[in-house]
Every structure is written in C-alpha cells, then in structure tokens.
Amino acid sequence: MKQVELVNGDLRFPALMAGSGEPVILLHGFPDTYENWAVQINALAAAGYTAIAPALRGYAPSCQSGSGDYSVYAGVDDLMVFAAQLGGRVHLIGHDWGAAVGYLACAQSPETFCSFSALAIPPLRRIPQALLKVPEQVLLSGYMQFFQLPVAPEAWLKRGDLSGVDTLWRRWSPDWDPGLYLDNAKHTLAEPGVIKAALGWYRAMFKLWKKDQRKALSWLGQDIATPTQILIGENDGCMSPKLLEHTLVESDFSGGVELQMIANAGHFLHLEQPEVINDHLLRLLNNTRCD
C-alpha cells in the first residue's frame with residue numbers, strides 16, 4: 001500500500017492505493033479518515049483490484065476549498081474527476097458522506113460506475129418522506145441541526161482531546177471499542193482547518209438558494225442504473241435501520257439493488273465486521289466487472 005495524490009484543479013487529495021486491476025474508489029465519511037479503509041484496500045488488492053481511498057474534500061489542508069464549497073455537488077465533481085483519472089470506469093464504495101456522494105453520482109452518471117456499495121446510508125431519494133414515518137431518526141439527526149450553528153459545533157468537537165468525536169463514534173457504534181480507528185480519525189480531524197471543512201459539508205446541506213445544491217438534489221429523483229448493494233449495521237446509532245422500510249424501493253434501481261443487514265455492527269460496520277463486509281464487497285465486484 002502506498003500514499004498517493006489525486007488532483008482536482010488546485011486541490012490535492014491525499015489517498016491510499018494498492019493493487020492492480022479494475023479500479024475501486026473508496027470514499028469515507030464523517031468523522032473519519034481515508035486511512036481507515038486500509039483493511040478493505042488490502043483485501044481488494046489481494047483479489048486483483050486497484051483500490052484507492054482519497055480524502056474527502058476538506059479532510060486535509062491540501063484539499064480545502066478556497067471558496068468554502070463543501071456541497072455534495074462539489075463532492076460529486078471531485079469523484080468524477082478521480083474516476084476520469086483512473087480510466088473513466090470504476091467501482092465505487094462509499095460510507096456515510098461517501099455513500100451520499102455515491103448515490104448522487106450514480107444517479108447522474110451511471111455510465112461511469114460499474115458497481116456501487118453504499119455503507120450505513122439508506123437510499124436518499126425517499127428520505128424526506130421516511131422521516132415522517134420514522135420519528136426516531138429526527139432525534140438521531142439532531143446533530144445535523146446543531147452543526148448549522150456558528151462556532152459552537154467546532155468548540156464541542158474540539159474540546160479536550162476531540163472528545164466530541166469520541167462521543168459520536170461511541171454513540172453511532174455502541175458496544176464496540178474503535179481503538180486505533182478512532183485514533184486515526186482524530187489525527188486527521190486535528191489537522192488545520194479539517195473540522196471546519198468537515199462541518200462545511202453539513203452547513204451546505206440547507207443552502208438551497210445555491211444553484212449547484214439545487215442541481216445536485218434534483219439528481220435524487222433519477223433512477224440508479226448502477227448495480228447497487230446497501231450494507232447497514234443492525235445497531236446503527238446514526239441512521240436508523242427502520243428507514244429502509246420506507247426508502248428502499250427496488251424500482252428506483254434499474255441496475256438492481258440488494259440489502260444486507262450486518263449483525264453485531266453499528267454505523268462503522270466496515271471497521272467492526274471487516275471480514276463480513278469484505279466478502280459482500282468482493283461478491284458484488286466479481287459479479288459486475290467493468291469490461
């Protein structure tokens with residue numbers, strides 16, 4: 001495994017890369033780091049794929065937007081540039097924000113993605129209606145509203161030794177000791193400007209007066225023609241598994257969709273149950289070759 005860089009304009013995204021073969025892009029979420037994909041990268045490389053996991057926009061000083069643009073539209077743009085740099089046709093694996101970007105990218109440019117694995121995030125298209133039927137999610141998502149405030153969220157996350165980050169990890173994946181994974185995430189989030197940028201992803205969500213944000217949200221209504229699997233931890237304390245009853249509609253996925261509920265796992269399911277997750281990832285990859 002080696003450290004590399006992907007580039008979009010003047011932004012330089014650090015990444016981990018290993019293997020040779022069809023490219024697989026792995027996108028992390030919040031509050032996490034690209035370095036925590038290491039187990040998946042090694043497994044994919046051993047199976048004959050080129051696995052590359054870049055930092056999300058803002059998660060390193062070198063890829064922080066001078067304009068402060070951390071919209072999902074910008075995230076999709078970064079992903080499309082990465083895919084072009086890797087040959088134009090790729091597999092995609094996304095967790096948390098990485099999965100959200102993946103849903104939108106696959107809806108907007110299905111010809112680019114040979115397969116898509118979404119971890120911890122149910123289909124986005126029907127989330128607004130689902131919230132009316134799963135009121136517990138409104139409570140679980142309270143942090144999103146808190147993150148809209150100025151200054152206070154940064155202070156809460158940074159207090160002590162980033163104890164706010166500890167709180168989120170342990171709340172979202174209960175009954176699990178994250179150990180080194182949490183240390184890795186906190187190391188990334190402690191870099192200059194990263195916490196502000198990470199919060200910028202949330203603060204961009206409700207800026208509906210911005211043309212790019214409205215355009216990205218319009219993609220939610222489009223069919224997903226990329227073969228897709230959704231992996232959800234049964235004990236996810238961030239996104240309620242009950243949302244799937246109202247968001248997973250097979251007709252929204254013309255390329256096919258399957259759901260896997262992962263026992264003894266929460267929000268960070270790929271770190272909690274890596275062997276189980278890797279088996280699911282490789283099964284889809286092997287059944288959806290890019291050639």
Side-chain angles (χ1 to χ4, degrees), residues 27-32 56-59 64-65 67-76 94-104 118-160 162-174 182 185-186 188-189 193-220 232-233 235-247 266-268:
L27 297 180
H28 69 88
F30 170 88
D32 204 357
L56 282 186
R57 174 177 288 229
Y59 279 73
Q64 290 170 6
S65 170
S67 66
D69 185 0
Y70 296 105
S71 64
V72 286
Y73 183 92
V76 171
H95 173 251
D96 191 80
W97 270 112
V101 169
Y103 280 117
L104 293 170
L119 279 61
I121 302 296
L124 299 182
R125 181 174 181 174
R126 301 179 188 274
I127 285 282
Q129 300 92 325
L131 291 176
L132 299 175
K133 300 174 181 178
V134 187
E136 71 180 58
Q137 185 58 50
V138 177
L139 296 176
L140 293 177
S141 298
Y143 71 95
M144 293 187 183
Q145 283 71 45
F146 173 58
F147 286 171
Q148 304 307 308
L149 299 175
V151 182
E154 283 91 337
W156 182 77
L157 288 168
K158 290 179 179 180
R159 65 182 180 178
L162 274 73
S163 63
V165 176
D166 287 78
T167 297
L168 292 177
W169 271 64
R170 298 182 191 282
R171 181 182 300 163
W172 292 354
S173 281
L182 178 54
K186 289 168 69 174
T188 289
L189 291 158
V194 171
I195 282 185
K196 181 178 180 180
L199 292 171
W201 283 75
Y202 290 95
R203 290 165 175 162
M205 290 175 62
F206 302 108
K207 295 180 178 179
L208 300 180
W209 62 88
K210 289 186 174 290
K211 181 180 178 181
D212 287 349
Q213 182 72 350
R214 293 199 307 272
K215 186 173 183 179
L217 292 177
S218 73
W219 298 335
L220 290 176
I232 302 290
N235 302 322
D236 195 316
C238 176
M239 299 296 292
S240 172
K242 293 179 183 178
L243 289 169
L244 292 163
E245 300 173 21
H246 310 287
T247 58
H267 192 65
F268 297 94

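Because the structure is predicted, anything quoted here is derived from the model rather than measured.
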### Message
Could you check whether any side-chain heavy atom of R126 comes within less than 4.5 Å of a side-chain heavy atom of H246, counting everything from C-beta outward?
### Response
no
### Message
How close do M239 and P122 get, counting heavy atoms only, and between which atoms?
### Response
CE-CD, 3.9 Å
Please tabulate, for the side chains in residues 195-202, all donor-acceptor contacts under 3.5 angstrom to protein atoms that are two or more places apart in sequence or on a different chain.
residue, atom, partner, partner atom, Å
W201, NE1, R57, O, 3.0
Y202, OH, W97, NE1, 3.3

### Query
Restricting to pairs with a member in residues 139-153, which pass salt bridge (Lys or Arg N to Asp or Glu O under 4.0 Å), not counting sequence neighbours?
none
### Task
I would like to know whether D69 and S67 meet side-chain hydrogen bond (donor to acceptor under 3.5 Å, both in side chains); could you show each step before the answer?
CA-CA 5 Å; D69 185 0; S67 66; 4.9 Å; no
### Task
Scan side-chain atoms only and decide if T167 and R171 contain a donor-acceptor pair under the 3.5 Å cut-off.
no
### Message
If I compare all heavy atoms of G266 with all of S173, which pair ends up nearest, and what's the gap?
### Response
C-OG, 3.6 Å
### Query
Do you know the tightest heavy-atom contact between A130 and T247?
CB-CG2, 3.6 Å
### Message
Which residues pass the side-chain hydrogen bond (donor to acceptor under 3.5 Å, both in side chains) test with S218, not counting sequence neighbours?
### Response
none
### Task
Starting from the C-alpha separation in whole Å, work towards a yes-or-no answer on side chain to side chain contact (heavy atoms under 4.5 Å, CB included) for Q64 and Y59.
CA-CA 7 Å; Q64 290 170 6; Y59 279 73; over 6 Å; no
#### Entry: Qualifying side-chain hydrogen bond (donor to acceptor under 3.5 Å, both in side chains) pairs, either residue in residues 139-149, two or more places apart
Q137-S141
### Message
List the residues meeting side chain to side chain contact (heavy atoms under 4.5 Å, CB included) with K242, not counting sequence neighbours, and say none if there are none.
### Response
V134, E136, S240, E245
#### Entry: Closest contact, heavy atoms only, A185 versus P31
CB-O, 3.6 Å
### Task
Can you sort out the partners of D166 under side chain to side chain contact (heavy atoms under 4.5 Å, CB included), two or more places apart, ordered by chain and number?
R170, L182, K186
### Query
Shortest non-hydrogen contact from V101 to L27?
CG1-CD1, 4.1 Å
### Task
With sequence neighbours left out, write down each residue that passes ring pair (Phe, Tyr, Trp, His ring centres under 6.0 Å) with W169, or none if nothing qualifies.
F268
### Message
Taking ring pair (Phe, Tyr, Trp, His ring centres under 6.0 Å) as the definition, give me every residue that meets it alongside W219, ordered by chain and number, with sequence neighbours left out.
### Response
Y73
### Summary
So salt bridge (Lys or Arg N to Asp or Glu O under 4.0 Å) across residues 137-148, not counting sequence neighbours, yields none
### Query
Below 4.5 Å, heavy atoms only, C-beta onward: do D96 and L119 meet side chain to side chain?
no
### Pairs flagged by salt bridge (Lys or Arg N to Asp or Glu O under 4.0 Å) wherever residues 139-152 is involved - sequence neighbours left out
none
### Query
Which residues satisfy the ring pair (Phe, Tyr, Trp, His ring centres under 6.0 Å) test with H267, sequence neighbours excluded?
H95, W172
### Message
Does L157 form a side chain to side chain contact (heavy atoms under 4.5 Å, CB included) with L168? I'd like the steps, not just the answer.
### Response
CA-CA 9 Å; L157 288 168; L168 292 177; 4.0 Å; yes
#### Entry: Residue of the set V76, V72, L220, I121 for which side chain to side chain contact (heavy atoms under 4.5 Å, CB included) holds with Y103
I121
### Task
May I have all residue pairs that pass salt bridge (Lys or Arg N to Asp or Glu O under 4.0 Å) and include part of residues 144-155, sequence neighbours excluded?
E154-R203
## Note on the structure
On a heavy-atom basis, the closest approach of A216 and L104 is O-CD2, 3.3 Å
